[in-house]
Amino acid sequence: MKILETIDSVRTFIKKNRDDKSIIGFVPTMGALHEGHLSLINTGKKTCDIVVASIFVNPLQFNDVNDLMLYPRTPEKDIEMLEKAGCDMVFMPSTEEMYPEKPELIYPLGNIEMKLEGRFRPGHFQGVANVVDRLFQIVEPDKAYFGIKDYQQVLIIMKMCEVTNSRVEIVPCPTLREFDGLAMSSRNARLTTEQRAGAGIIYQTLAQVPEMIRTMDIPTLKDWVENRINNTPFMQLEYFEIADPETLDPIVAVSPEKKMGLFIAVFCGKVRLIDNLFFIS
Ligand code: AMP
């Protein structure tokens, strides 16, 4: 596996490896890799001739300086994992390489930008759109793989591709989970043993909602979720929303055969975790 740090070396690598028929797959990450990230590489390997990853902790998408400072960084282990997974090249740029100048954040991302995560993380999705656009221009992949663990991010990237006329095909991939249902996340590494022991409650609570919603109205259900999370040691609910998976508009009443998305953000101590689940009523 090639390990490259400059934009020029990535362009040279891509040029050398691309012939008319080769399909290039791309998996952008912020490192501190886990099985969830590797599942994206594996999915890419099934349909692409070359799979490329990037590791870059993008300062533009952090609205909290402490979160950026404390974000786990494990570059040696990441390289080993990518190599084992059969990744062909990893791009690990410095911040100066990616952003020699302060970029303008001006993507018209529409209504979804300010919903759910957008309400609590101002500027976050502009930062995401900018870095992914920039990475797409450097790597010029045919397909790019993203986890639906960050579902709203997938919608934002699809919108970014639409407004930039990008030809990259966005491939959403399922969420990998730990034994107790907790969605795998780089931030899980920051949990203490006690916090980690309780964190399974997030997914376990979501998983009960499709059944509970048959017997409860939505406000009562939301209270039930809030109490369940907040009564677990170290856990504090930031939001729980039942929303339309396409528009992210809140669903206020259940109707038959409706596709619904459950979206949650929880502070586990100081570590902010998100998850989601989809079902049809
Ligand atoms: P990150 O390093 O957190 O920016 O994530 C890089 C990519 O991995 C994003 O597309 C994430 O949605 C995806 N990802 C993160 N966690 C998981 C997971 N548990 N299962 C599948 N994909 C994931």
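Both counts, for ligands and for their atoms, begin at 1 and track the order of listing. None of the values given here were measured: they were computed from a predicted structure. Sequence positions, counted from 1, serve as the residue numbers for this chain.
Defined by atom type and a distance below 3.5 Å, a donor-acceptor pair is present between the side-chain atoms of Q137 and D133. Side-chain atoms of N42 and Y145 form no donor-acceptor pair, as typed in the model, at a separation below 3.5 Å.
Look at Y71 and you'll find a heavy atom under 4.0 Å from some atom of ligand 1. The closest approach between P28 and ligand 1 falls below 4.0 Å for a heavy atom of the residue. Within the structure, the closest approach of R177 to ligand 1 does not fall below 4.0 Å when heavy atoms are considered.
Using a distance-only test at 3.5 Å, with no hydrogens or angles considered, no donor-acceptor pair links the side chain of S54 to the main chain of F91. The backbone N or O of L4 lies less than 3.5 Å from no partner atom in the side chain of S9, so there is not a single donor-acceptor pair.
The two residues K45 and A85 have their closest heavy-atom pair at CD-O, 3.3 Å. For the pair R167 and P141, the tightest heavy-atom approach, listed with the atom from each and the gap, is NH2-O, 3.9 Å.
At a 3.5 angstrom cut-off on N or O pairs, T175 does not count as close to ligand 1. For M30, a nitrogen or oxygen atom sits less than 3.5 Å from a nitrogen or oxygen atom of ligand 1, counting backbone and side chain alike. Taking only nitrogen or oxygen atoms, main chain and side chain alike, A183 does not reach within less than 3.5 Å of ligand 1.
Using a 4.0 Å cut-off between heavy atoms, M184 contacts ligand 1 through both its backbone and its side chain. Under 4.0 Å from ligand 1, the heavy atoms of H37 that appear belong solely to its side chain. Contacts with ligand 1 closer than 4.0 Å are made by backbone heavy atoms (N, CA, C, O) of P174 only, the side chain lying farther away. Of the heavy atoms in I148, none comes closer than 4.0 Å to ligand 1.
Nearest protein heavy-atom neighbour of atom 11 (C) of ligand 1: D150 OD2, 3.1 Å.
The heavy atom nearest to atom 9 (C) of ligand 1, out of those in G147, S185, G31, is found in G147.
Between R121 and E238 no salt bridge is recorded (no basic side-chain N to carboxylate O distance below 4.0 Å). For the pair E80 and K77, the salt-bridge criterion is not met [side-chain N within less than 4.0 Å of a carboxylate O]. For K115 and D244, the salt-bridge test fails: no basic side-chain N is under 4.0 Å from an acidic carboxylate O.
Among F267, Y239, F263, the one residue that satisfies the ring pair (Phe, Tyr, Trp, His ring centres under 6.0 Å) test with F120 is Y239.
Every atom of ligand 1 is numbered from 1 in the order shown, and the set under 4.0 Å from a heavy atom of F146 is 10 (O). Near L40, meaning under 4.0 Å from any of its heavy atoms, are these atoms of ligand 1: 7 (C), 8 (O), 10 (O), 13 (C). For ligand 1, the atoms lying closer than 4.0 Å to a non-hydrogen atom of L176 are 18 (C), 19 (N), 20 (N), 21 (C).
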